[in-house]
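Since the structure is predicted, the reported quantities are computational estimates derived from the model, not experimental observations.
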Amino acid sequence: MLEFFRNIFSPPRHMILLVIAAWIGLSLAEKRAERHGIHKDDLNNVIFYGLVAFILGGRISFVLQNLPTFLKSPIGIVSINPDIFDAFGGLAAALIAAFIFGQRRELALWPTLDALTPFLAILSIGMGLAHLAAGTAFGKVTDVAWGINLWSATRHPTQVYETLASLLIFGLIWFKKHDPRPGILFLTFAALTAAAQLFLQAFRGDSTLILNSLRQEQVIAWLVLAICFIFIETRFKSSPKAESDSAAIHVK
């Protein structure tokens, strides 16, 4: 079954899984946008501009980091090769674009992030499936019974772990009782995702090590988790009524 799945969605077809996840995530986010005081059109535009910036920013960032190579062959800049991409550069561009659009539309930050949370949660599921299809984000060599044969070795199915963790997180935030304090939903999602990464990275075989022993991804996850806890505490101390009234004025 696994081989059948990987054959169907082998690169670059694995990108189809992300497109499907983005579509489902947007559909679910639209259903609850009004709950957070965000108009559907504004939500769609935030996601649209963010995705466009992510694609363009990721390509531009990669090109700039490898400028000498592309100066010799400029045509490679417009290649359809998905490997010519810097995910961190794309993410930074997406955040900047979404922030600029939100500022121009005078969208409240925390309600907007809450409205985007279902989209991000489903996208995380799609990312896990895409990793499984492409064989990326692979696990350590292991002898456990549920190991998968990948890159000439039996490895932990970290992509499956990632997908299951994302499914669980989505279920928790989707069925979570609505909190009148804007930001709690998004921060809960971010904290759970960071906690999941702390667990998952322990089984990954491609982690980046710093100081010869620390996993870079786990260090980042710890920082994100700490920041989330700080913001969650401040959001719980805020007035639910005042926050809700403030968010309501942004509904068009």
Side-chain angles (χ1 to χ4, degrees), residues 17-38 40 43-44 46-47 50-51 87 91 94-95 98 107-133 137 139 146 156-204 215 217-238 240 243-244 247:
L17 295 167
L18 292 178
V19 173
I20 294 173
W23 175 69
I24 296 174
L26 178 57
S27 298
L28 293 178
E30 285 181 341
K31 292 180 181 298
R32 293 191 173 178
E34 300 290 348
R35 172 187 291 187
H36 305 291
I38 303 298
K40 291 181 181 180
L43 180 67
N44 286 330
V46 167
I47 293 174
L51 288 176
L91 180 60
L95 291 174
L107 300 178
L109 176 61
W110 291 116
T112 303
L113 291 175
D114 284 342
L116 287 169
T117 298
F119 171 78
L120 298 174
I122 293 294
L123 200 60
S124 295
I125 298 172
M127 186 69 71
L129 292 174
H131 285 159
L132 181 61
W146 57 88
H156 274 287
T158 47
Q159 304 96 330
V160 177
Y161 300 163
E162 178 184 6
T163 303
L164 292 176
S166 297
L167 278 168
L168 177 60
I169 292 172
F170 169 74
L172 291 174
I173 64 102
W174 184 255
F175 295 106
K176 182 180 183 297
K177 183 179 178 181
H178 178 63
D179 194 304
R181 299 173 179 84
I184 294 298
L185 182 67
F186 170 77
L187 290 169
T188 299
F189 163 73
L192 289 173
T193 300
Q197 284 301 313
L198 288 174
F199 170 79
L200 294 172
Q201 289 298 325
F203 300 97
R204 287 276 290 272
R215 295 176 184 268
E217 293 82 359
Q218 285 185 320
V219 173
I220 294 173
W222 276 117
L223 291 174
V224 171
L225 194 59
I227 292 171
C228 286
F229 284 155
I230 293 172
F231 276 117
I232 287 174
E233 182 178 3
T234 61
R235 302 314 297 161
F236 271 121
K237 291 180 179 178
S238 65
E243 293 281 4
S244 298

Notebook entry, point to check: How many angstroms lie between CZ in Phe236 and CD1 in Ile184, if you round to the nearest 0.5 Å?
Noted result: 4.0 Å
Checklist line | Where Ala221 and Gln197 come nearest, the two heavy atoms and their spacing | finding: CB-CB, 4.2 Å
Notebook entry, point to check: Stepwise, does the side-chain contact (heavy atoms from CB on, under 4.5 Å) test hold for Lys237 with Arg181?
Noted result: CA-CA 9 Å; Lys237 291 180 179 178; Arg181 299 173 179 84; over 6 Å; no
Next item on the list: Specify the closest pair of heavy atoms between Ala33 and Leu43, including all atoms of both residues, with the distance to one decimal.
Entry: CB-CD2, 3.9 Å
Next item on the list: Verify side-chain contact (heavy atoms from CB on, under 4.5 Å) between Leu185 and Asp179, making sure each step is shown before the conclusion.
Entry: CA-CA 7 Å; Leu185 182 67; Asp179 194 304; over 6 Å; no
Item checked: Pairs satisfying salt bridge (Lys or Arg N to Asp or Glu O under 4.0 Å), at least one member in residues 18-33, at least two apart -> none
With a 3.5 Å cut-off and sequence neighbours excluded, list the donor-acceptor pairs that the side chains of residues 116-129 form with protein atoms.
from   : atom 1 : to     : atom 2 : distance (Å)
Thr117 : OG1    : Leu113 : O      : 2.9
Thr117 : OG1    : Asp114 : O      : 3.4
Ser124 : OG     : Leu120 : O      : 3.0

Next item on the list: Check the angle between the aromatic planes of Phe189 and Phe186 and answer parallel, tilted or perpendicular using the 30° and 60° thresholds.
Entry: tilted
Notebook entry, point to check: What side-chain hydrogen bond (donor to acceptor under 3.5 Å, both in side chains) pairs are there with at least one residue in residues 158-167, not counting sequence neighbours?
Noted result: His131-Glu162, Trp146-Tyr161, His156-Tyr161
Checklist line | Pairwise distance CZ(Arg215) to CZ(Arg204) - rounded to 0.5 angstrom | finding: 9.0 Å
Next item on the list: Supply the atom-to-atom distance Ile169 CD1 to Thr188 OG1, rounded to the nearest 0.5 angstrom.
Entry: 11.0 Å
Item checked: Value rounded to 0.5 Å, distance of CG in Leu225 from CG in Leu192 -> 9.0 Å
Note to self: For Trp23, is the CH2 atom crowded, meaning more than 12 foreign heavy atoms sit under 6.0 Å from it?
What the structure shows: no
Next item on the list: Measure across Ala191 and Cys228 and return the closest heavy-atom pair with its distance rounded to 0.1 Å.
Entry: N-SG, 3.7 Å
Checklist line | Residue pair Ala94 / Gly50: nearest heavy atoms and the distance that separates them | finding: CB-O, 3.2 Å
Notebook entry, point to check: What is the distance from atom CG of Leu107 to atom CD1 of Ile38, rounded to the nearest 0.5 Å?
Noted result: 5.0 Å
